[in-house]
Structure formats: structure tokens, C-alpha cells
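Below is one structure, written out as C-alpha cells; comments come after it.
The sequence lines fix the lettering, A, B, ..., with proteins before strands; numbering per chain opens at 1.
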2 protein chains.
Amino acid sequence: MSTAKRNTWQREAVRKALGSTEGFISAQALHSSLRDRGSSIGLATVYRTLSALADEGDADSLQSPEGEALYRACTSAGHHHHLICRNCGLTVEISADEVEEWAQGVAAANGFTQPQHIVDVFGLCASCSAGGGGAEHPIS
Amino acid sequence: MSTAKRNTWQREAVRKALGSTEGFISAQALHSSLRDRGSSIGLATVYRTLSALADEGDADSLQSPEGEALYRACTSAGHHHHLICRNCGLTVEISADEVEEWAQGVAAANGFTQPQHIVDVFGLCASCSAGGGGAEHPIS
DNA sequence: ACGCTTTTGACAATCATTATCAATAAGGCG
DNA sequence: CGCCTTATTGATAATGATTGTCAAAAGCGT
């Protein structure tokens with residue numbers, strides 16, 4: 001085939017790094033993480049690979065409130081959501097049965113089918129709240 | 001008061017332009033639109049005003065998949081979410097008191113403060129469902 | 001009308017992301 | 001096994017949206 005896809009260690013590195021990451025991570029952060037671990041992978045490659053993974057369906061992506069694209073390894077298994085500290089990046093997995101039902105219900109009530117939902121909560125974790133970063137202004 | 005808010009024609013222009021716009025529009029597009037109509041308003045002012053309107057609850061904003069911030073005149077006061085057809089772009093405002101409470105609760109339970117949440121539901125609206133395009137690939 | 005402050009607006013700065021393009025390396029084939 | 005074709009990489013420039021800067025230009029109370 002002309003559209004051959006080659007196996008490179010970079011692609012594997014991104015896939016592995018994404019897989020071993022809890023919750024969502026930005027392309028920039030993933031690149032930094034890889035660099036910190038000694039990888040000499042380039043930033044552009046991380047972007048390209050993440051985008052490719054998302055296209056292939058091996059990763060999910062969403063936009064953070066700040067407008068960054070966040071990626072997550074696609075675990076076709078359990079569906080769950082995340083509570084993410086927007087200061088230190090701490091991520092907590094949360095289950096959301098109520099929200100699942102609500103999403104289905106509200107979609108159906110408006111005649112929508114094939115509902116997918118993006119439900120993620122960003123905030124400041126206990127440490128960061130205490131740490132005195134209080135100069136923030138509530139956004140919403 | 002030192003923090004007085006003044007009435008300027010620019011603010012009114014943005015408010016009016018936003019109000020007479022169907023659906024969501026980007027800050028850049030709104031600025032172009034105003035300029036086309038002869039207004040000499042500055043781009044930075046449009047950004048500032050839209051951001052202010054969003055803060056005051058007179059407009060709501062969401063991130064387009066391309067990462068742009070989109071704004072729309074807020075018809076229902078207060079905080080709410082969106083149900084978006086991923087085929088035709090139809091957007092329905094939805095209220096989500098249950099989800100609000102849930103988000104607050106789960107954040108608090110984990111020691112998080114200043115919770116913001118992203119709760120948006122994508123799907124196919126009634127027309128598009130009927131239209132029979134189902135060749136989509138489910139993301140989640 | 002005056003003066004104090006907010007607000008504006010042109011432009012620079014910043015941030016994430018994408019395009020560019022020469023150099024590299026993967027994989028097939030002889 | 002080594003060569004050749006070509007997908008892929010990666011440093012950097014380019015892009016595009018958004019925010020910061022700051023002098024100049026209005027508001028609003030007096």
C-alpha cells in the first residue's frame with residue numbers, strides 16, 4: 001500500500017506515556033514528561049502522534065477551560081470522569097452514574113440520539129487551595 | 001465606588017451585535033461583523049467586553065472543537081450547559097441542577113475548591129437522526 | 001465645566017498548535 | 001546484507017487566537 005504506516009519508537013513512546021497517565025494530559029505536558037524521562041522526542045512529533053491516535057480512535061480529546069487540548073488514552077472499558085486540579089494537575093477518577101442517566105435523559109428529551117457527553121470537573125485540590133493561591137477569580 | 005462601571009457605546013454595540021446573532025460566534029467574527037457595519041471598535045475591546053459579559057452572566061461561552069472561544073447572548077439567566085448536534089450544529093440550552101449539585105459535591109468530597117465543570121452533551125438531533133447519516137464513529 | 005478614573009485601542013507579547021523542509025530511518029527487495 | 005524509496009522526525013518559523021501594555025480619550029460625579 002502507498003499509505004504504509006511505519007513503526008517508530010516515538011509512536012510507541014507516546015502511546016505508552018499516554019497509557020500510563022492518569023486522566024487527561026496536554027500535548028505540552030506529555031512532551032515535557034517524555035523529555036524529563038530522557039526521551040529526545042520532538043514537540044511536533046508529540047502533537048502529530050496524539051492527533052493521529054485521536055483520529056484512529058485510540059485516544060480521546062477534550063478542550064480544557066483554558067483552551068488547551070487534552071488527551072487521554074482511550075480505555076474502551078470503563079467509562080468514568082475526572083476531577084482535575086488546574087494548579088498541580090492532580091487527577092482523581094470519579095464515577096458518575098447520575099450524570100450518565102441525566103445525559104441520556106436530556107438528550108432523549110430533546111430528540112437527540114447517539115449521545116456522548118463531556119463531563120469533567122476542574123478545580124483546586126486541597127493542597128493547592130490551602131497553599132494560598134487564592135488570588136484567583138472564580139470564572140463561572 | 002471605585003469599581004464603577006461606565007456605559008460606553010462600545011459595550012452596547014457588542015451587546016446588541018451578540019443579541020442579534022443566531023447561535024454562537026467567535027470574538028474575531030463579532031469584531032469583523034461590527035467593523036463591516038461601520039463601527040470603529042477595537043479588537044481588544046471586543047474580547048474584553050465579551051469576557052465581561054460572560055462573567056456577568058449575560059453571555060455564555062464554549063470552546064469550539066478548533067479551540068476558539070465562542071460566545072452567545074445568554075437567553076436564560078444563570079449557569080447552564082449545552083446539547084449540541086455534532087452534525088448540523090444545532091445548540092440547545094439545558095439546565096442541569098442535578099449536575100451542578102453533583103459537581104459541587106464530588107469536588108468538595110475530594111477537597112477541591114473553586115470547582116468549574118465542563119458538561120456538554122453531543123449527539124445527533126432529531127432531524128439529523130432521521131436523515132439517516134449514521135456512519136459516525138463513537139468516540140467514547 | 002473640571003478632574004479623577006475607567007475604558008479604549010493600536011500594538012506587542014504570549015501561548016498553543018501547525019506548517020515547513022532538510023535529514024533520518026523503516027521496510028521491502030534484490 | 002546493503003540499497004533505495006519514502007514515511008517520519010524534529011528544529012524552527014509561521015500562524016492564529018487571546019491577553020497585556022500604556023498613552024490617549026471618553027464617562028460620571030461634583
Side-chain angles (χ1 to χ4, degrees), chain A residues 1-18 24-56 58-59 61-72 84 86-87 89 122 135-137 139, chain B residues 1-18 24-56 58-72:
Chain A
M1 274 185 215
S2 49
T3 50
K5 184 169 287 186
R6 294 178 183 177
N7 267 350
T8 64
W9 63 266
Q10 286 95 337
R11 194 178 301 266
E12 277 312 301
V14 169
R15 206 185 285 265
K16 186 154 139 302
L18 193 64
F24 288 89
I25 188 171
S26 72
Q28 307 263 354
L30 192 66
H31 177 242
S32 297
S33 171
L34 283 164
R35 277 294 176 90
D36 289 347
R37 290 187 227 167
S39 176
S40 65
I41 194 169
L43 176 60
T45 302
V46 174
Y47 272 100
R48 271 186 301 237
T49 305
L50 283 175
S51 178
L53 287 177
D55 278 353
E56 295 164 24
D58 290 335
S61 67
L62 65 82
Q63 303 273 340
S64 81
E66 294 81 31
E68 281 181 276
L70 303 182
Y71 294 89
R72 173 181 75 165
I84 304 162
R86 63 170 177 272
N87 190 54
F122 293 81
E136 306 286 328
H137 34 249
I139 298 182
Chain B
M1 282 180 213
S2 51
T3 48
K5 185 167 286 183
R6 294 175 182 178
N7 267 350
T8 63
W9 63 265
Q10 286 95 338
R11 194 178 301 267
E12 277 313 301
V14 169
R15 206 184 286 265
K16 186 156 140 298
L18 194 64
F24 288 87
I25 188 171
S26 71
Q28 306 264 354
L30 192 66
H31 176 242
S32 298
S33 170
L34 283 164
R35 278 293 176 90
D36 288 347
R37 290 187 226 167
S39 176
S40 65
I41 195 170
L43 176 59
T45 302
V46 173
Y47 272 100
R48 272 186 300 241
T49 305
L50 283 176
S51 177
L53 287 177
D55 277 353
E56 295 163 24
D58 290 334
D60 45 39
S61 66
L62 62 83
Q63 302 272 339
S64 80
E66 294 82 31
E68 280 181 275
L70 302 182
Y71 295 89
R72 188 177 70 163

Quiz item: Given atom CD1 of B:I41 and atom P of C:dA10, what is their separation to the nearest angstrom?
Solution: 10 Å
Quiz item: Do any N or O atoms from the side chain of B:H31 and from the backbone of B:I41 form a donor-acceptor pair under 3.5 angstrom?
Solution: yes
Practice problem: Give B:E68 one of three labels, base, sugar-phosphate or nothing, depending on what nucleic acid heavy atoms sit under 4.0 Å from its own. | Solution: sugar-phosphate
Practice problem: Let me know the distance between CD of B:Q28 and P of D:dT15, rounded to the nearest Å. | Solution: 15 Å
Quiz item: Is the closest side-chain heavy-atom distance between B:Y71 and B:L30 below 4.5 Å?
Solution: no
Quiz item: Taking CD from A:E12 and P from C:dA26, how many angstroms apart are they, rounded to a whole number?
Solution: 13 Å
Practice problem: Evaluate the criterion side-chain contact (heavy atoms from CB on, under 4.5 Å) for residue pair B:Q28 and B:L43; output intermediate values, then yes/no. | Solution: CA-CA 7 Å; B:Q28 306 264 354; B:L43 176 59; 4.3 Å; yes
Practice problem: Would you classify B:S26 as touching base, sugar-phosphate or nothing, given that sugar-phosphate means primed atoms plus P, OP1 and OP2, and contacts are heavy atoms under 4.0 Å? | Solution: nothing
Quiz prompt | Of the listed nucleotides D:dA17, C:dG9, D:dT8, the one nearest the side chain of B:Q10 | solution = C:dG9
Quiz item: Could you give the CD-to-P distance, from B:E66 to C:dA16, as a whole number of Å?
Solution: 19 Å
Quiz item: Are A:Y47 and C:dT17 close enough that a side-chain N or O sits under 4.0 Å from OP1 or OP2?
Solution: yes
Quiz item: Hey, mind stepping through B:Q10 and B:R48 against side-chain contact (heavy atoms from CB on, under 4.5 Å) and telling me if it holds?
Solution: CA-CA 11 Å; B:Q10 286 95 338; B:R48 272 186 300 241; over 6 Å; no
Self-check item: Donor-acceptor pair present, B:R48 side chain and D:dT19 base, under 3.5 Å
Solution: no
Quiz item: Would you say A:T8 reaches D:dT8's phosphate, i.e. side-chain N/O to OP1/OP2 under 4.0 Å?
Solution: no
Quiz item: Once you round it to whole Å, what is the distance between P of D:dG10 and CG of A:L34?
Solution: 11 Å
Quiz item: Closest nucleotide of DNA chain D for B:L70 versus for A:T45: which of these residues is on the 5' side?
Solution: A:T45
Practice problem: Ignoring hydrogens and angles, state whether a donor on the side chain of A:E66 or A:S64 is under 3.5 Å from an acceptor on the partner side chain. | Solution: yes
Self-check item: Between D:dA17 (C1') and B:L30 (CG): distance, integer Å
Solution: 15 Å
Practice problem: Would you mind reading off the distance between A:Q63 atom CD and D:dT18 atom P, rounded to a whole angstrom? | Solution: 11 Å
Quiz item: What nucleic acid atoms does B:S51 come within less than 4.0 Å of, heavy atoms only: base, sugar-phosphate, or nothing?
Solution: nothing
Quiz item: Between the base of C:dT6 and the side chain of B:R6, is there a donor-acceptor distance below 3.5 Å?
Solution: yes
Practice problem: Measure from the side-chain heavy atoms of A:A44 and tell me the nearest of D:dT18, D:dG10, D:dG20. | Solution: D:dG10
Practice problem: Starting from C1' on C:dT8, measure out to CG on B:L50 and report it in whole angstrom. | Solution: 15 Å
